[in-house]
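Worksheet: the structure to be examined is printed underneath.
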Amino acid sequence: MNIPFSPPFIDQSVVDQVLDTLNNKWITTGPKVKALEQEIKSITGTKEVVCVNSWTSGAILMLKWFGVKAGDEVIIPAYTYSATALAVLHCGAMPVMVDILDDFNIDPDKVKAAITTKTKAIIAVDIAGWPCDYTALKELITDPKVQRKFRYESEKQSLLKRILLISDAAHSIGSLFNDKPAAQECDVTIFSFHAVKNITTAEGGAICLNLPYPFDSEAEYSYLKMYTLNGQNKDALSKSRGGGWRYDILFQGLKINMPDICAAIGLAQIRKYNHELLPQRKKIALQYCDGFQHEDWFIAPPLVSIQRESCYHLFPMRVKGLTEEQRDQVIDDLASLGIASNVHFIPMPMLTLFKNLGYKIEDYPMAYQNYANEISLPIYPQLTETEVEFIINSVISCVNIQLNNRIKTIEETFIVHKQMAVAS
Ligand SMILES: *Cc1c(COP(=O)(O)O)cnc(C)c1O
């Protein structure tokens, strides 16, 4: 078997959309980006959507838009991909890391304790597609005592008059919260369309706006589109039309627009997402849960509750009693059986940059605990039932080899698998 971890979904409809873009001879930001923004708007029910060239640049943009700068603080979880913290650092502000709950997501009580007069924003991360506790987080930012602490120093800050709640929804397009798209919960929700995500544009991202009164979402959309294009008041498409050559630069923007050639990939995928790609992911997650249900060491990832439903971006299972070293061995053994698995995530305080900045993993015991025995299994629409069955059997035997502390040789794993093959 050769089972990759997360290959992109590329079928004929994706190829056709990309070819259509090439044949139309308009490859940078234009009609495909517009169409993708419309599709995202309609599946999320958010007010406006701006496509950009990555989640990271989208987060930098929104922090800058809000006026986040040196001396400010942004509260984030210690357990996420580093881009969450890097976006804050790029604005000159300080990422204030807090610990997580058992469900991998930011702990609202820890957020509460971390709020100071310098706090400008909170970035909550929906790990694996599981929405954060947005009820608690929204209560917190609108709590009068917390609001009184907020110091507004920019035009947008004085319109909002409170901490900005951003969702790092890099994993969570299609997730639900109170039976509605989770993207409606925060002021700003940012998706990633990097190659490994549920929907991809090779590289890309989308910013969904849900700004409350008195923000004018349409005006913010136009402003943000200019912001993604060097602050230029006219995009390439309108400039290219006869007589449309004159333009102005209105302010210092960024250059982070999404090209049409990339949007085409995501456009074909998103049109299949809710009725095809997402249900296939869910089916695989359920097959895993079913396959591991009799293993007393199996800790299932959070997938559904009365209030929330994941979009099954990752399957971050955990193994009770497994040490970090044993977990790493399981991953190596799975690899030699042809199965690529992964770990989401190494807590940021364990990475060099953040260690050098003074963050310490000892301050985030839950993050370490969830990381140490976590294994992310392959989950994507192209996986077959037989492959998932093979992964389940392989994980069970590789984990048992570790937990029974038997001779840890890969030969033994192969023997177990030969036996399984004969038996089935
Ligand atoms: C992938 C990812 C990002 C970064 O997305 P890019 O589009 O690559 O910038 C940010 N946060 C999380 C949690 C991610 O997994």
Side-chain angles (χ1 to χ4, degrees), residues 5-8 33 36 40 49-64 74-91 95 97-98 100-101 103-106 121-132 165-175 182-183 186 188-208 228 254-259 262-263 265-266 269-270 281 301-302 310-316 342-351 353-354 367 370-371 374 376 378-380:
F5 181 69
S6 183
V33 166
L36 181 58
I40 298 165
V49 175
V50 178
C51 281
V52 286
N53 63 1
S54 73
W55 182 94
T56 307
S57 55
I60 295 169
L61 169 60
M62 292 317 295
L63 291 171
K64 283 183 175 288
V74 177
I75 300 173
I76 63 170
Y79 200 92
T80 176
Y81 177 60
S82 303
T84 319
L86 295 173
V88 178
L89 290 174
H90 279 305
C91 295
M97 294 186 196
V98 300
I100 53 166
L101 295 166
D103 71 356
F104 294 98
N105 287 346
I106 197 163
I122 297 167
I123 309 180
V125 188
D126 297 341
I127 297 287
W130 179 246
C132 294
L165 183 57
I166 299 179
S167 168
D168 176 342
H171 299 175
S172 60
I173 189 162
S175 298
C186 294
V188 174
T189 293
I190 311 175
F191 299 133
S192 170
F193 300 140
H194 175 266
V196 300
K197 310 291 159 119
N198 281 21
I199 287 178
T200 181
T201 57
E203 295 285 354
I207 301 159
C208 304
T228 67
L254 300 165
K255 183 60 169 64
I256 57 169
N257 55 307
M258 177 189 282
C262 292
I265 302 170
Q269 292 183 346
I270 206 167
R281 285 180 174 273
S310 177
C311 67
Y312 310 94
H313 172 57
L314 300 171
F315 192 83
N342 217 322
V343 173
H344 293 89
F345 287 97
I346 304 170
M348 291 183 293
M350 295 174 75
L351 303 173
L353 168 70
F354 301 103
N370 277 36
Y371 149 80
E374 193 269 352
S376 298
I379 181 166
Y380 45 89

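These values consider heavy atoms only, across backbone and side chains, with no hydrogens, waters or symmetry-generated copies. Start at 1 and go down the list; that is how both ligands and their atoms are numbered.
For His313 and Asn198, the side-chain atoms include at least one donor-acceptor pair closer than 3.5 Å.
The local environment of OH in Tyr380 is crowded, with over 12 non-hydrogen atoms from other residues, nucleotides or ligands closer than 6.0 Å.
Looking only at distances, a side-chain donor or acceptor of Thr189 sits under 3.5 Å from a matching main-chain atom of Ala183.
For Tyr79, the ring pair (Phe, Tyr, Trp, His ring centres under 6.0 Å) partners at least two apart in sequence or on another chain are Phe104. Remark: Thr56 pairs with Ser54, Ile60, Ala83 by the side-chain contact (heavy atoms from CB on, under 4.5 Å) rule, at least two apart or across chains. Residues passing the ring pair (Phe, Tyr, Trp, His ring centres under 6.0 Å) test with His344, sequence neighbours excluded: Phe5.
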I'd like the atom pairs linking ligand 1 to the protein - N or O on both sides, separation under 3.5 Å - with distances to 0.1 Å.
unit_1	atom_1	unit_2	atom_2	d
ligand 1	5 (O)	Ser192	OG	3.2
ligand 1	7 (O)	Trp55	N	2.8
ligand 1	7 (O)	Ser192	OG	2.7
ligand 1	9 (O)	Trp55	N	3.3
ligand 1	9 (O)	Thr56	N	2.9
ligand 1	9 (O)	Thr56	OG1	2.6
ligand 1	11 (N)	Asp168	OD1	3.3
ligand 1	11 (N)	Asp168	OD2	2.8
ligand 1	15 (O)	His171	NE2	2.6
ligand 1	15 (O)	Lys197	NZ	2.9

